[in-house]
Amino acid sequence: MDSFSSKDMALRAQKKILSSMATKSSVQMFIDDTTSEILDELYRVSKEYSGNKTEAQKVIKDLVKIAVKIGLLFRNNRFSAEELGVATDFKKKLHQGAMTAISFYEVDFTFDKAVMEELLTSCRDLLLKLVNTHLTPKSHGRINHVFNHFSDPELLTKLYDPSSPFRDHLTKICKGLDKLMEEGTI
C-alpha cells in the first residue's frame with residue numbers, strides 16, 4: 001500500500017523552507033511585533049552574557065525555527081487531541097513562567113534561580129513531548145539548546161541582579177511578556 005500524501009509532502013516542504021529562511025520577514029505570520037521585540041532583547045542578553053555574537057544568533061535562530069515549525073504544525077491541524085492537551089499544558093506553564101519572571105523583576109531580591117530553572121525545564125519537557133513525533137531529532141536538539149541556554153543559573157542570576165547591566169533588557173522583556181499576557185497570547 002502506497003502511503004504517499006501530498007498534504008504531508010507539502011507540510012514537510014514548508015517546514016524545510018521555513019527552516020532555512022528563519023528571518024524576520026519570513027516568520028512575521030507566526031511571530032508578532034511584541035514577540036519579535038522580546039526575541040531581540042533575548043539576543044542582546046545572550047550576546048552580552050556569552051560575549052559570542054555567533055552563539056547568540058544561533059540560539060535565537062533555533063528559537064525562531066522551533067516557533068515557526070510549531071506554528072506551522074498547529075495551523076495545519078497536525079496535533080492529535082492528546083497533543084493539543086499537551087499544548088494547553090505547555091501554554092499554562094509558559095504563562096506561569098512569564099508571571100513568575102515578571103514578579104521576580106518587579107520585586108527586587110525575590111529571584112529564585114531554582115524556581116526559574118524548574119519552570120524552564122518543565123516548559124522544555126512539555127514542548128519536546130508535544131513535537132516528539134512531528135519534528136526531527138535535530139529540531140529536538142534545537143529545543144534543548146534554547147532551553148539549556150536560557151535556564152543557565154549564572155545567566156539567570158546576572159539577568160535578575162538589580163544592579164546588572166542586563167536590567168534594561170530585563171525591563172523590556174518583562175514589559176513585552178506582560179503585554180503578551182494581557183493580549184492572551186501566553
Would you say the side-chain atoms of His169 pair up with the backbone N or O of Glu41, donor to acceptor, closer than 3.5 Å? no
Which atom pair, heavy atoms only, marks the closest approach of Leu63 to Val146? N-CG2, 3.6 Å
When the side chains of residues 177-185 are checked against the rest of the protein, which donor-acceptor pairs come out under 3.5 Å, sequence neighbours left out?
unit_1: Lys179; atom_1: NZ; unit_2: Thr34; atom_2: OG1; d: 3.4

Test: Lys58 and Glu55 ion pair at under 4.0 Å: no
Does this structure show an ion pair linking Lys172 with Asp168, if we count only N-O contacts that are shorter than 4.0 Å? no
For a 4.5 angstrom cut-off between non-hydrogen side-chain atoms, does Tyr49 reach Glu154? yes
Tightest non-hydrogen contact, residues Leu39 and Ile60, listed as O-CD1, 3.9 Å
Ile143 side, atom CD1; Asp125 side, atom CG - distance, nearest 0.5 Å: 10.5 Å
Distance col, row Met116:CE vs Thr157:OG1, nearest 0.5 angstrom, shows 11.0 Å
Below 3.5 Å, can you tabulate the donor-acceptor pairs from side chains in residues 97-113 to any protein atom, sequence neighbours excluded?
unit_1: Thr100; atom_1: OG1; unit_2: Gln96; atom_2: O; d: 2.8
unit_1: Tyr105; atom_1: OH; unit_2: Thr171; atom_2: OG1; d: 3.0
unit_1: Asp108; atom_1: OD1; unit_2: Arg167; atom_2: NH2; d: 2.9
unit_1: Thr110; atom_1: OG1; unit_2: Val107; atom_2: O; d: 2.6
unit_1: Asp112; atom_1: OD1; unit_2: Ala114; atom_2: N; d: 3.0

So, the side chain of Ser164 versus the backbone of Tyr160: is there a donor-acceptor pair under 3.5 Å, distance only? no
Say whether Thr35 and Asp32, considering side chains only, have a donor N or O and an acceptor N or O under 3.5 Å apart. yes
Assess, by modelled atom type and distance only, whether the side chains of Ser139 and Lys65 contain a donor and an acceptor separated by less than 3.5 Å. no
Roughly how far, to the nearest 0.5 Å, is the CD atom of Gln57 from the OG1 atom of Thr54? 6.0 Å
Any side-chain heavy-atom pair from His140 and Asn132 closer than 4.5 angstrom? yes
First locate atom CD of Glu48, then atom CG of Leu155, and finally report the distance between them rounded to the nearest 0.5 Å. 11.0 Å
Phe166 and Val45 have their tightest heavy-atom pair at CE2-O, 3.8 Å
Quick one: do the Ser122 and Glu118 side chains pair a donor with an acceptor below 3.5 Å? yes
When you measure from the side chain of Ser50 to the backbone N and O of Ser46, does any donor-acceptor pair fall under 3.5 Å? yes
Nearest heavy-atom approach of Lys53 to Lys47 is CA-CG, 4.1 Å
Between Asn76 and Arg78, is there a donor-acceptor pair closer than 3.5 Å when you use the side chain of the first and the backbone of the second? no
Gap separating the CD1 atom of Ile173 from the CG atom of Asp40, nearest 0.5 angstrom: 10.5 Å
Count the heavy atoms of every other residue, nucleotide or ligand shown that sit under 6.0 Å from OH of Tyr43, and state whether that count exceeds 12. yes
Atom pair NZ/CG of Lys69 and Leu135 - distance to nearest 0.5 Å: 6.0 Å
Would you check if Phe150 and Leu156 make a side-chain contact, meaning some heavy-atom pair closer than 4.5 Å? no
Looking at Leu120 and Phe147, what are the two nearest heavy atoms and their distance? O-CD2, 3.3 Å
Dump the intermediate steps for side-chain contact (heavy atoms from CB on, under 4.5 Å) on Phe79 and His134, then the final yes or no. CA-CA 9 Å; Phe79 294 119; His134 298 284; 3.6 Å; yes
Can you check whether Leu127 reaches Leu130 side chain to side chain, under 4.5 Å on heavy atoms? yes
So, for Thr133 and Glu83, which heavy atoms are closest and what is the spacing to 0.1 Å? OG1-OE2, 3.4 Å
